[in-house]
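To start, the structure itself, in structure tokens.
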Amino acid sequence: MNRTPLIAGNWKMYKTGPEAVESAKELVLLCADIQDVEIMIAPTFLAISQVSKVVKGTRVTLGAQNLYFEKEGAFTGEISAEMLRDAGVEYAIIGHSERRQFFGETDTSICRKIKAAIEVGLKPILCIGESESQRDEEKTFSVLDKQVSDGLKGLGSDELSQLVLAYEPIWAIGTGKTAGVGQVRQVHQYLRSLLENLFSSNLSDQTRILYGGSVKPENAKALMGIEDVDGALVGGASLDANKFINIIKYNS
Ligand code: 13P
């Protein structure tokens with residue numbers, strides 16, 4: 001199965017509106033000639049509409065960092081999947097470890113968000129990953145197993161055809177510590193067979209599994225060269241268009 005790699009930038013809580021627009025414009029110019037790689041950036045909610053205008057019709061697609069699972073209503077401070085789609089969003093990052101850690105997200109709420117995204121045609125990027133202590137206690141695979149099976153509970157292969165998984169070991173996020181090639185290969189292989197066992201071999205074959213955690217221009221080629229790694233979810237290094245383009249061009 002030929003899976004088009006996805007290089008996705010998670011801008012987290014960085015950049016004002018004008019800064020986001022400026023970075024998006026730079027990136028659009030830099031990746032005008034990129035082929036065979038899909039590119040996505042996820043600005044803050046506040047910058048989405050402005051960035052949407054910049055990337056429309058270009059090689060860069062738009063993502064959101066979160067959504068709320070209800071369609072509309074008295075949910076102060078929240079944004080629905082439909083509102084995002086209406087603003088030009090294509091991908092939704094769901095269940096990022098920072099949301100699990102700082103905002104109390106659980107596999108149950110994450111699963112509802114995945115369903116809400118799918119319902120309006122947004123492509124969900126489900127983030128999973130173990131903490132350092134879970135790895136030390138050899139719980140990595142059981143943690144991932146639970147995050148995937150509970151996060152996707154009640155969904156079938158057909159509904160999940162646009163799913164993207166992002167393996168982000170928590171100890172590698174923003175720390176400069178990247179998981180080793182062997183560790184990444186082992187986990188990605190495990191996740192692919194998990195998808196086959198839980199759903200179908202078709203879904204397992206077609207689902208892109210991204211790696212995230214201190215991806216930089218210097219390590220992108222080695223990480224992207226690992227079997228079963230179909231792209232990257234990049235934090236810090238995606239904030240600078242010149243760095244990000246060098247990750248996008250990992251193959252050249
Ligand atoms: P860093 O690339 O800054 O480690 O962040 C990874 C991440 O959390 C992307 O979602």
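Computation of the quantities below employed the complete heavy-atom set of this structure, encompassing side-chain atoms and omitting hydrogens, waters and symmetry-equivalent molecules. Whatever order the structure lists them in is the order used to number ligands and atoms, beginning at 1. The residues of the chain are indexed from 1 along the displayed sequence.
- For G212, the heavy-atom gap to ligand 1 stays at 4.0 angstrom or more.
- In the hydrophobic clustering, where aliphatic and aromatic side chains (Ile, Leu, Val, Met, Phe, Trp, Tyr) are joined below 4.5 Å either directly or transitively, V143 stands alone.
- In summary, D107 and R100 engage in a salt bridge, as defined by a charged side-chain N under 4.0 Å from a carboxylate O.
- Between K177 and E132, some side-chain heavy-atom pair lies under the 4.5 Å cut-off.
- I94 pairs with exactly one of I110, N66, L122 by the side chain to side chain contact (heavy atoms under 4.5 Å, CB included) rule, that one being I110.
- Of all atoms in ligand 1, listed by their number and element, those nearer than 4.0 Å to a heavy atom of G236 are 1 (P), 2 (O), 3 (O).
- A salt bridge links K12 with E98: at least one charged nitrogen is closer than 4.0 Å to a carboxylate oxygen.
- Contact annotation: for N10 versus ligand 1, heavy atoms closer than 4.0 Å belong to the side chain alone.
- Considering backbone and side-chain N/O of E168, one or more are found under 3.5 Å from N/O of ligand 1.
- Considering backbone and side-chain atoms together, G235 places an N or O closer than 3.5 Å to an N or O of ligand 1.
- Taking a cut-off of under 4.0 Å to the non-hydrogen atoms of L233, the atoms of ligand 1 that pass are 9 (C), 10 (O).
- Closest protein heavy atom to atom 5 (O) of ligand 1: K12 NZ, 3.3 Å.
- Through direct or indirect side-chain contacts shorter than 4.5 Å among Ile, Leu, Val, Met, Phe, Trp and Tyr, I125 is connected to L6, M40, Y91, I93, V164, L210, L233.
- Residue contact check: G174 has heavy atoms under 4.0 Å from atoms 1 (P), 3 (O), 4 (O) of ligand 1.
- Screening V54, N242, V21 for a side chain to side chain contact (heavy atoms under 4.5 Å, CB included) involving E26 leaves a single residue, N242.
- A heavy-atom separation below 4.0 Å is found between A172 and ligand 1.
- Neither the backbone nor the side chain of S238 has a heavy atom within less than 4.0 Å of ligand 1.
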